[in-house]
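Counting from 1, the numbers follow the sequence of the chain as shown.
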Amino acid sequence: MCGIFGAFGVALSDEAIAGALRAIRPRGPDGEGWARLAADQVMGHTRLAIVDLSASADQPMRGLGGRLALIFNGEIYNAPELRRQIPDYPYQTDHSDSEAILAAYWRWGDRCVEHLRGMFAFAIWDAAEQRLICAVDRFSIKSLYLHRRPDGGLLFASTASALGGSGVALQPNMAAFHAFLADGVLETCEQTFFEGIEQLPAATMAEWRPGGAWRQWSYWDCPVQTPDGLRHDVALDDIAGWIDETLSLHMLSDVPVGVCLSSGLDSNLVRARSAALGHSLHGFSFGFPGTVYDEPQRIADSFGPDVALTATAIAPEQMWADMVSATRAIELPLGGVAIYGHYCNAQTARKAGITVLLGGEGSDEVFGGYRYYAEAAIGDLWQRGEHEEANRLYQAFAQAEPGEWKRSPDDLARRLQGPTEAKAPDGTSLGESFLTADFAATPSLPGIPVGAGDPVRAAMWRDMRHLKLPKLLRWQDRCYMASGIEVRVPFLDHRLFERMATVPTARLFEGGVTKAPLRELLEKTIPGWRNTAPKLYVATPQREWLKHDLASRIDAMLTPDALLVQRGLVDLARLRQRTAVWREETALGNSFFLWKFLVAEAFFQAFFR
């Protein structure tokens with residue numbers, strides 16, 4: 001994992017290059033280098049050394065006697081296999097996974113990405129072909145930011161701040177802020193919060209040639225199975241084998257590996273299955289001592305006091321003091337108090353000498369982790385006339401969560417025909433907003449495509465490509481790389497995803513629970529563990545903090561001096577009134593209308609003051 005920067009068709013000064021590398025130095029504290037390939041061609045890299053720690057694996061990395069030059073951010077987990085598969089490439093390193101990309105490009109050309117199993121954003125300059133190739137992995141676990149100039153020049157980097165450090169003006173993209181403040185959505189398309197800076201979409205490869213010629217294309221898409229393509233014979237042992245395979249690959253490292261741990265199913269399955277494979281992982285978690293949201297205590301209660309764990313305590317005043325600096329590092333509005341918790345968790349792990357952590361992100365989109373996936377499954381069954389099966393599945397869920405299942409199966413079927421709305425994981429709305437009339441008329445981001453396949457797979461596809469996973473991955477990358485920590489996500493292995501796409505969706509919800517196969521597997525891995533509790537959606541005291549602990553701080557921000565007010569984005573009087581009413585309500589309610597303002601204001605303070 002590293003930071004990368006490149007400029008092609010742009011003559012940059014040494015000072016501009018240094019400014020770009022300075023911005024991505026936290027991502028790569030173990031080394032730094034850059035090369036001027038031509039007067040208007042630059043590649044730069046900051047290194048976080050994880051695989052092949054020798055200087056021979058430094059970047060920019062040259063290949064084929066200088067014909068090829070590579071900068072790369074990420075990890076290629078099947079690099080050992082690729083090096084065995086391509087023995088005749090003239091390797092210059094012992095076991096660098098970066099050099100495996102060069103070998104794959106030499107062997108397969110543009111189709112090299114089809115052979116890579118991992119997370120990556122890379123660029124290869126091919127001097128013989130006079131072309132630059134850029135690519136990101138199938139889920140965009142690693143991102144690549146682009147600034148394409150009117151004169152045909154191209155600048156790209158791991159972060160927008162690196163582009164800003166090189167001289168690109170960082171200005172607000174009002175369409176992105178409209179989408180966030182109005183509807184609560186972000187990272188739904190190529191556009192970013194910075195005008196003129198886009199990101200290469202997931203599973204995309206692009207080519208630039210001198211003069212500015214540009215083309216890009218997708219090399220992979222989420223598989224959609226027809227009914228005839230579904231496998232009804234998949235056993236739990238099959239799924240266990242698929243998960244164990246991806247976990248084994250994700251252990252590729254020459255430095256210690258830990259795990260981001262919560263009390264939830266996903267990270268504990270990563271921990272338990274890794275232990276079964278012979279890898280004992282130390283856990284890192286954050287919590288809120290003295291509250292019902294104390295994750296380290298929940299971990300001990302659920303899995304016993306012997307789980308190896310280092311915990312970080314998070315306090316409201318600490319978060320408030322860090323909000324602008326954390327936003328500057330993350331380059332996105334903070335999605336919630338939990339995002340700040342991860343930002344602090346990374347600092348703790350780094351101090352403990354850990355530079356690689358495994359995480360459980362992606363399991364919800366692969367294994368059906370949200371309640372509205374189950375609602376879609378029930379509605380689909382009813383719509384297809386399978387009323388008895390729809391009622392059976394509905395009753396199974398209703399018995400586990402009687403307070404949450406109030407809509408009938410036929411109502412759920414009717415909802416499938418209605419417009420889709422971006423919602424929080426628990427199904428609550430993100431859309432309450434207080435925009436000025438002028439800003440409300442500002443064009444927003446493009447609409448989100450409807451996914452292919454049955455309603456469940458379509459919802460999972462939308463979440464993976466647009467609504468949920470992109471922002472989670474971006475937050476995760478920024479939070480941990482700000483401290484030089486690489487986070488790997490074993491559930492986001494494209495082979496695992498393709499295999500699970502052949503499993504009927506009914507299997508995901510057996511017994512009236514979401515992610516049924518994962519629950520069964522954890523019960524099998526940890527004898528005696530049993531948990532059919534619903535997914536925990538509210539895991540921080542965010543509403544309590546906004547309503548009580550930080551009330552005076554918030555009042556001091558809700559003034560005409562706020563940048564969002566000065567720029568004409570937010571109707572201050574209406575927002576103040578709604579905040580006052582919410583504070584008087586006994587129930588904690590939905591505080592996202594206020595949180596959106598606070599974190600967008602922090603973003604403007606961080607970048608546009």
Side-chain angles (χ1 to χ4, degrees), residues 1-76 79 90-103 105 119-127 132-136 142-147 154-168 208 253-255 355-356 477 481-486:
M1 186 84 71
C2 307
I4 63 176
F5 168 77
F8 283 75
V10 183
L12 291 183
S13 66
D14 290 0
E15 291 74 18
I17 298 167
L21 295 180
R22 189 180 309 116
I24 53 176
R25 193 166 293 149
R27 301 180 64 89
D30 299 330
E32 182 174 304
W34 63 275
R36 196 181 293 277
L37 308 179
D40 63 349
Q41 297 178 0
V42 170
M43 281 183 158
H45 183 266
T46 60
R47 185 181 184 193
L48 180 61
I50 291 173
V51 174
D52 194 339
L53 309 184
S54 69
S56 64
D58 288 347
Q59 299 179 39
M61 180 177 286
R62 303 298 186 104
L64 300 180
R67 170 191 159 182
L68 304 180
L70 166 78
I71 47 176
F72 158 55
N73 169 34
E75 298 292 345
I76 306 301
Y91 294 102
Q92 302 175 71
T93 68
D94 182 66
H95 59 284
S96 166
D97 63 322
S98 305
E99 196 169 26
I101 298 175
L102 287 176
Y105 176 76
M119 55 181 182
F120 52 84
F122 68 78
I124 296 174
W125 171 250
D126 187 332
L132 177 77
I133 291 294
C134 301
V136 296
K142 298 296 108 191
S143 57
L144 192 66
Y145 286 86
L146 310 170
H147 175 64
L154 171 70
L155 296 98
F156 59 89
S158 297
T159 67
S161 294
L163 297 176
S166 73
V168 176
W208 177 93
S253 177
D254 294 332
V255 298
T355 52
V356 177
D477 176 82
M481 288 306 287
S483 294
I485 298 285
E486 170 178 290

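Checked by atom type, the side-chain pair S56/S54 shows a donor-acceptor distance below 3.5 Å.
Between R62 and L102 the shortest heavy-atom distance is O-CD1, 4.0 Å. In terms of heavy-atom proximity, E486 sits nearest to E75 at OE1-OE2, 2.7 Å. Summarising the geometry of D52 relative to A57, their closest heavy-atom pair is O-CB, 3.5 Å, with the distance given to 0.1 Å. Closest approach of L12 to S166, counting heavy atoms only: CD2-O, 4.1 Å. When every heavy atom of T159 is checked against every heavy atom of A162, the shortest pair comes out as OG1-N, 3.1 Å. Scanning all heavy atoms of the two residues, the minimum distance from A121 to I4 falls at O-CD1, 3.6 Å.
P90 is linked by a side chain to side chain contact (heavy atoms under 4.5 Å, CB included) to L64, counting only residues two or more places apart in sequence or in another chain.
Interatomic distance, CZ of R47 versus SG of C2, reported as 7.0 Å (0.5 Å rounding). In this structure, CG on L21 lies 7.5 Å from CZ on F5, to the nearest 0.5 angstrom. In this structure, CD1 on I124 lies 6.5 Å from OH on Y105, to the nearest 0.5 angstrom. Atoms NE2 and CG, from H45 and N73 in turn, are 7.0 Å apart once rounded to the nearest 0.5 Å. Atoms OG1 and CD, on T46 and Q59 in that order, are 9.5 Å from each other to the nearest 0.5 Å. We find the CE-OG1 distance between M61 and T93 to be 5.5 Å, quoted to the nearest 0.5 Å.
Classified by interplanar angle (parallel below 30°, tilted 30° to 60°, perpendicular above 60°), the ring pair F8/F156 is parallel.
Side-chain atoms of L155 and V10, non-hydrogen and from C-beta on, do get closer than 4.5 Å to each other. Residues M481 and P26 are not in side-chain contact: their nearest non-hydrogen atoms beyond the backbone lie 4.5 Å or more apart.
Within the structure, the salt bridge (charged side-chain N to carboxylate O under 4.0 Å, His left out) test picks out the following pairs touching residues 9-25 (sequence neighbours left out): D14-R36, R25-E32.
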